[in-house]
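In what follows, every chain begins at residue 1, and chains take the letters A, B, ... in the order their sequences are listed.
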Amino acid sequence: MSGLLNGIRHLPGYLDRTRQEALVEVIRAVVAEAPLYVPAMPGTGKPMSVRMTNCGPLGWVTDKERGYRYQPTHPATGGPWPEMPKLLLDIWNDVSGYEKPPEACLVNFYSDDARMGLHQDKDEQDLEAPVVSISLGNSCLFRVGGLNRNDRTLSFKLASGDLVVLGGEGRLCFHGVDRIYPATSTLLKNGGRINLTLRRVRP
DNA sequence: AAGTACCA
DNA sequence: GATG
C-alpha cells in the first residue's frame with residue numbers, strides 16, 4: 001500500500017466465509033439487545049446516514065447536545081452495552097499487537113446509500129492502541145488521508161472479510177467511506193454493509 | 001463537519 | 001460513471 005502512512009495495514013480476505021457468517025450471527029445478537037439508532041451531529045443535530053450500536057464496556061455515541069463521546073450505556077434503552085464477543089477479542093489479539101483488550105466495538109450499519117465523511121478517531125484517551133476495522137457485506141470505497149484534513153487522500157475498495165488496522169503513525173489519519181457498492185456480497189440478505197471498529201479507550 | 005452539494 |  002504505497003502512499004499510506006506507516007502503520008496503516010489492509011488485510012484483504014482476513015476472514016473466510018465461515019467466520020464472516022459467525023460474526024454476522026454475533027452482531028445480530030448484539031443488535032437484538034442494543035438496537036441500531038441514528039446518531040446526530042454535534043451542534044446541528046443533523047442525522048448521519050449510518051445507523052449505529054456498540055458492544056463492550058464502552059460505546060461511542062454522538063448527539064446534538066453533548067457531541068462525540070464514549071459512555072457505558074445505550075442512549076435509547078439506557079442499559080449497558082452487550083458484552084464484547086469472544087470472536088472479536090480473538091481478532092484483536094491476533095492483529096492489534098496490543099496487550100490490553102478493546103473496550104469498545106462500534107457497529108456501523110451502512111445501507112447501500114449511506115456514507116461516512118472524512119474524520120479522525122480521536123475520542124479515545126489511549127492513542128497507543130490501534131483501531132481495528134472489520135468489513136462485512138457489500139464492498140465500499142474507503143478513503144484514507146494524512147494527519148491534516150487537507151492532506152492528499154488515497155481510495156481503495158474494502159470487501160467483506162477485509163480488515164484495516166490503523167496504528168502507529170496512521171492511528172490518527174483521516175478516513176471515511178465514499179460509497180457502498182450494491183449487490184457485491186451475499187453475506188447480508190438485505191444488502192448494505194456492516195463495519196466493526198475495535199478500540200481501546202482508556203490507558 | 002463522523003454532513004452535503006457541486007463541479008471539472 | 002469514476003475521480004478528486
Side-chain angles (χ1 to χ4, degrees), chain A residues 1-5 8 10 27 30-31 34-56 58-71 73-76 81 102-127 129-159 162-167 170-184 192-201:
Chain A
M1 305 263 30
S2 69
L4 292 186
L5 289 171
I8 300 178
H10 177 203
I27 296 308
V30 165
V31 169
L36 292 167
Y37 60 93
V38 178
M41 298 291 290
T44 64
K46 187 164 250 284
M48 294 173 59
S49 58
V50 299
R51 292 188 296 153
M52 290 185 176
T53 189
N54 291 267
C55 55
L58 290 172
W60 187 88
V61 299
T62 173
D63 58 29
K64 178 177 178 175
E65 292 76 21
R66 299 174 61 199
Y68 307 154
R69 65 197 187 272
Y70 282 92
Q71 65 177 42
T73 55
H74 190 288
W81 302 108
E103 293 169 299
C105 174
L106 175 60
V107 179
N108 286 327
F109 176 76
Y110 292 77
S111 55
D112 285 337
D113 61 358
R115 298 182 300 165
M116 176 80 74
L118 269 189
H119 67 280
Q120 294 172 296
D121 291 10
K122 59 172 184 185
D123 301 308
E124 303 75 26
Q125 293 169 245
D126 185 346
L127 297 175
V131 169
V132 175
S133 161
I134 304 165
S135 294
L136 297 169
N138 286 341
S139 299
C140 75
L141 185 63
F142 187 65
R143 185 149 60 105
V144 192
L147 301 179
N148 301 106
R149 178 172 291 282
N150 35 341
D151 287 345
R152 183 159 39 97
T153 62
L154 222 146
S155 296
F156 53 96
K157 282 186 186 184
L158 296 180
D162 288 7
L163 252 61
V164 174
V165 182
L166 302 178
R171 173 63 180 77
L172 287 174
C173 71
F174 277 86
H175 58 281
V177 172
D178 284 340
R179 71 165 293 193
I180 306 296
Y181 297 96
T184 45
R193 168 177 185 263
I194 293 170
N195 182 72
L196 308 174
T197 50
L198 300 169
R199 296 103 180 263
R200 178 76 199 182
V201 180

In whole angstrom, what separates [X]'s [atom1] from [N]'s [atom2]?
X      : N     : atom1 : atom2 : value
A:M116 : B:dA1 : CE    : C1'   : 12 Å
A:K64  : B:dG3 : NZ    : C1'   : 15 Å
A:N108 : B:dA2 : CG    : C1'   : 9 Å
A:F174 : B:dA1 : CZ    : P     : 8 Å
A:R193 : B:dA2 : CZ    : C1'   : 14 Å
A:H175 : B:dA2 : NE2   : C1'   : 8 Å
A:D178 : B:dT4 : CG    : P     : 12 Å
A:R66  : B:dA2 : CZ    : C1'   : 18 Å

Options [options], nucleotide nearest the side-chain atoms of [X]:
X      : options             : value
A:S49  : B:dA1, C:dG4, B:dT4 : B:dT4
A:L106 : B:dG3, B:dA2, C:dG4 : B:dA2
A:M48  : C:dT3, B:dA2, B:dT4 : B:dA2
A:R199 : B:dA2, C:dG4, B:dT4 : B:dA2
A:R115 : B:dA2, B:dT4, C:dG4 : B:dT4
A:D121 : C:dT3, C:dG4, B:dA2 : B:dA2

Nearest atoms (heavy-atom pairs only) where [X] meets [Y]:
X      : Y      : answer
A:S111 : A:D113 : OG-OD1, 2.8 Å
A:P39  : A:T62  : CB-CG2, 3.6 Å
A:C105 : A:L198 : CB-CD2, 3.6 Å

### Query
Can you find a side chain N or O atom of A:R149 that sits less than 4.0 Å from OP1 or OP2 on B:dA1?
yes

### Task
Determine: side-chain N/O of A:R143 to OP1/OP2 of C:dG4, distance under 4.0 Å, yes or no.
no

### Task
Please tell me if the side chains of A:R199 and A:E103 come closer than 4.5 Å, counting only heavy atoms from C-beta onward.
no

### Query
Got A:R143 and A:F174 here, is their nearest side-chain heavy-atom distance under 4.5 Å?
no

### Message
Whether the side chain of A:Q71 engages the backbone of A:T73 through a donor-acceptor N/O pair (distance < 3.5 Å, no angle test) should be reported.
### Response
yes

### Summary
Stems of at least 3 consecutive Watson-Crick or G-U wobble pairs (donor-acceptor distances under 3.5 Å) involving DNA chain B, listed by first number, are none

### Query
How far, in whole Å, is B:dT4 from B:dA8 if one measures between their P atoms?
23 Å

### Task
Mind running salt bridge (Lys or Arg N to Asp or Glu O under 4.0 Å) on A:D63 and A:R69 for me, showing each step along the way?
CA-CA 9 Å; A:D63 58 29; A:R69 65 197 187 272; 3.1 Å; yes

### Summary
One should read off an interatomic distance between A:N54 CG and A:T197 OG1, to the nearest 0.5 angstrom, of 8.0 Å

#### Entry: Touch class at under 4.0 angstrom, heavy-atom based, for A:N195 against every strand present
nothing

